[in-house]
Every structure is written in structure tokens, then in C-alpha cells.
**Student:** 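My questions will all concern the structure given below.
In this text the structure is predicted, and so the values were computed from the model without any measurement.
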Amino acid sequence: MHEAKCVKSLAQCLQDRRKFGPLGWNIRYDFTDGDLNVSLAQMKEYLDLYDEIPFKVLRFLITEINYGGRVTDDKDRRLMNNLVTNFVGPDVLQPGYKCEYRIQTNELNIYHKYTRGPGVTG
């Protein structure tokens, strides 16, 4: 089940960001295997119940309840929403879709322009 692989990749991404301290998350969150297990169980239940996968509902459950229930910082919440959108959505059903987070080239150019603009030293 490819969808489950993407949720597992999301969990790994959330955990890996902790390695970078305040650059990964503004606040250190203790995400657990229980968060992943509940997310996988909910996904299985929704896949079994509905012909069309309710990605919006799954994203809400994962972001606001399972993992996001403990995310209190507004910037961390934005990050969580973006990561979940990347890993839990209709794109995961496309052939050849890879469950990984990558910055798009155009996003990288915008980032470089912003961080190397006037007034930026270093």
C-alpha cells in the first residue's frame, strides 16, 4: 500500500527535523510511534470505508490531531501543514510518485533571492 509508505515517510521526516534543533522545529516535539500507528490505522479505515480517498479529512486528522495536537508554535504548524500536504494527497496515487520532500527549483531560487537580498550579511 503506497499510501502507507508515504505516511511512514512523513513520520520519518517529522522525526528527522528534530536533529536540527531550532532550525528543524522552533519547539522540540516528542512525536511517537503511536502518532504513526494511529495515522496508519485511520488511513486504513478510510481506505476501506470510502471509494474515493478523503485526503482532506486524513490531512486534518494527521495535522491537527495525531501529530499536530501537540504543535503549538504557529510557524511549526505551518510547516506541519505543508509537509502533510506533500505526503498525503492525490499525487501519491500517481505512478512513479516518490514519497519524499524536495524543494522545487523555483522555490529554491526564491529562497536564494530572499536570503541574499539587500541588507543580508554573512
**Student:** Flag the pair F55 / V92 as yes when at least one side-chain heavy-atom distance between them is below 4.5 Å, and no otherwise.
**Tutor:**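 In short, these two side chains touch, coming nearer than 4.5 Å.
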
**Student:** Which heavy atom of W25 sits nearest a heavy atom of L14, and at what distance?
**Tutor:**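 Where W25 meets L14 most closely, the heavy atoms are NE1-O, 3.2 Å.
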
**Student:** Test: ring pair (Phe, Tyr, Trp, His ring centres under 6.0 Å). Region: residues 33-52. Which pairs qualify, not counting sequence neighbours?
**Tutor:**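 Every pair satisfying ring pair (Phe, Tyr, Trp, His ring centres under 6.0 Å) with a residue in residues 33-52: Y46-Y50.
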
**Student:** How would you list all residue pairs meeting salt bridge (Lys or Arg N to Asp or Glu O under 4.0 Å) that involve residues 71-83, not counting sequence neighbours?
**Tutor:**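 Passing the test, one end in residues 71-83: E64-R77.
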
**Student:** Look at the side chain of Q42 and the backbone N and O of L58, then say whether any donor-acceptor pair between them is shorter than 3.5 Å.
**Tutor:**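 Absent.
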
**Student:** Hey, could you give me the CZ/OG distance between F87 and S9, rounded to the nearest 0.5 Å?
**Tutor:**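 F87 atom CZ to S9 atom OG measures 6.0 Å (nearest 0.5 Å).
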
**Student:** For D48, enumerate each residue passing the side chain to side chain donor-acceptor pair (under 3.5 Å) test, keeping only those at least two apart in sequence or located in another chain.
**Tutor:**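 With neighbours one apart ignored, the set is K44.
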
**Student:** Please name the pair of heavy atoms, one in T32 and one in Q15, separated by the smallest distance, quoted to 0.1 Å.
**Tutor:**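 Where T32 meets Q15 most closely, the heavy atoms are N-NE2, 4.2 Å.
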
**Student:** If we ignore hydrogens and angles and just use 3.5 Å, is the side chain of Y67 paired with the main-chain N or O of V84 as donor and acceptor?
**Tutor:**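 Here the side-chain-to-backbone pair does not exist.
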
**Student:** Testing the basics here: between P90 and R59, what is the closest heavy-atom pair and its distance to 0.1 Å?
**Tutor:**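 Distance-wise, the nearest heavy atoms are CD-NH1, 4.3 Å.
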
**Student:** When rounded to the nearest 0.5 angstrom, what is the spacing between CZ in F60 and CG in N66?
**Tutor:**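 It comes to 10.0 Å.
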
**Student:** Quick one: do V38 and V57 end up in the same hydrophobic cluster if we chain Ile, Leu, Val, Met, Phe, Trp and Tyr together by side-chain heavy atoms under 4.5 Å apart?
**Tutor:**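 Not linked; separate clusters.
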
**Student:** Short question: side chain of N86, backbone of N82 - any donor-acceptor pair under 3.5 Å?
**Tutor:**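 No, N86 side chain to N82 backbone: no donor-acceptor pair under 3.5 Å.
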
**Student:** If you look at every heavy atom in R70 and D35, which pair is closest and at what distance?
**Tutor:**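 Heavy atoms of R70 and D35 come nearest at NH1-OD2, 2.7 Å.
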
**Student:** Kindly compute the distance separating CE (M80) from CZ (R17), expressed to the nearest 0.5 Å.
**Tutor:**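 Rounded to the nearest 0.5 Å, the CE-CZ separation comes out at 10.5 Å.
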
**Student:** Once side-chain contact (heavy atoms from CB on, under 4.5 Å) is applied, do any residues pair with P95, and if so which ones, sequence neighbours excluded?
**Tutor:**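 P95 satisfies side-chain contact (heavy atoms from CB on, under 4.5 Å) with no other residue.
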
**Student:** Ignoring hydrogens, what is the shortest heavy-atom contact between D30 and R18? Give both atom names and the distance.
**Tutor:**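 Shortest heavy-atom separation between D30 and R18 comes out as CA-NH1, 3.6 Å.
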
**Student:** If I take atom CG from residue L83 and atom SG from residue C13, how far apart are they, to the nearest 0.5 angstrom?
**Tutor:**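 These two atoms lie 4.5 Å from each other.
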
**Student:** May I ask whether F31 and L36 are part of the same hydrophobic cluster, defined by side-chain heavy atoms of I, L, V, M, F, W, Y residues being less than 4.5 angstrom apart, directly or through others?
**Tutor:**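 Linked within one cluster.
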
**Student:** Is V71 reachable from I27 through a run of I, L, V, M, F, W or Y residues, each pair having side-chain heavy atoms under 4.5 Å apart?
**Tutor:**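 Yes: a chain of side-chain contacts under 4.5 Å links I27 to V71.
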
**Student:** Go through the structure and list residues passing side-chain contact (heavy atoms from CB on, under 4.5 Å) with Q12, not counting sequence neighbours.
**Tutor:**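 side-chain contact (heavy atoms from CB on, under 4.5 Å) list for Q12, sorted by chain: D16.
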
**Student:** Could you walk me through whether I62 and L10 pass the side-chain contact (heavy atoms from CB on, under 4.5 Å) check?
**Tutor:** CA-CA 10 Å; I62 292 169; L10 168 67; 3.9 Å; yes

**Student:** Given a cutoff of under 4.5 Å between side-chain heavy atoms of I, L, V, M, F, W and Y, with clusters grown through shared members, what are the other residues clustered with L23?
**Tutor:**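 F20, all in the cluster of L23.
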
**Student:** May I ask you to test the L79-N26 pair for a side-chain heavy-atom distance under 4.5 Å?
**Tutor:**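 No. Closest side-chain heavy atoms not under 4.5 Å.
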
**Student:** Is the shortest heavy-atom distance from the side chain of L40 to the side chain of K8 under 4.5 Å?
**Tutor:**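 Contact flag for L40/K8 side chains = yes.
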
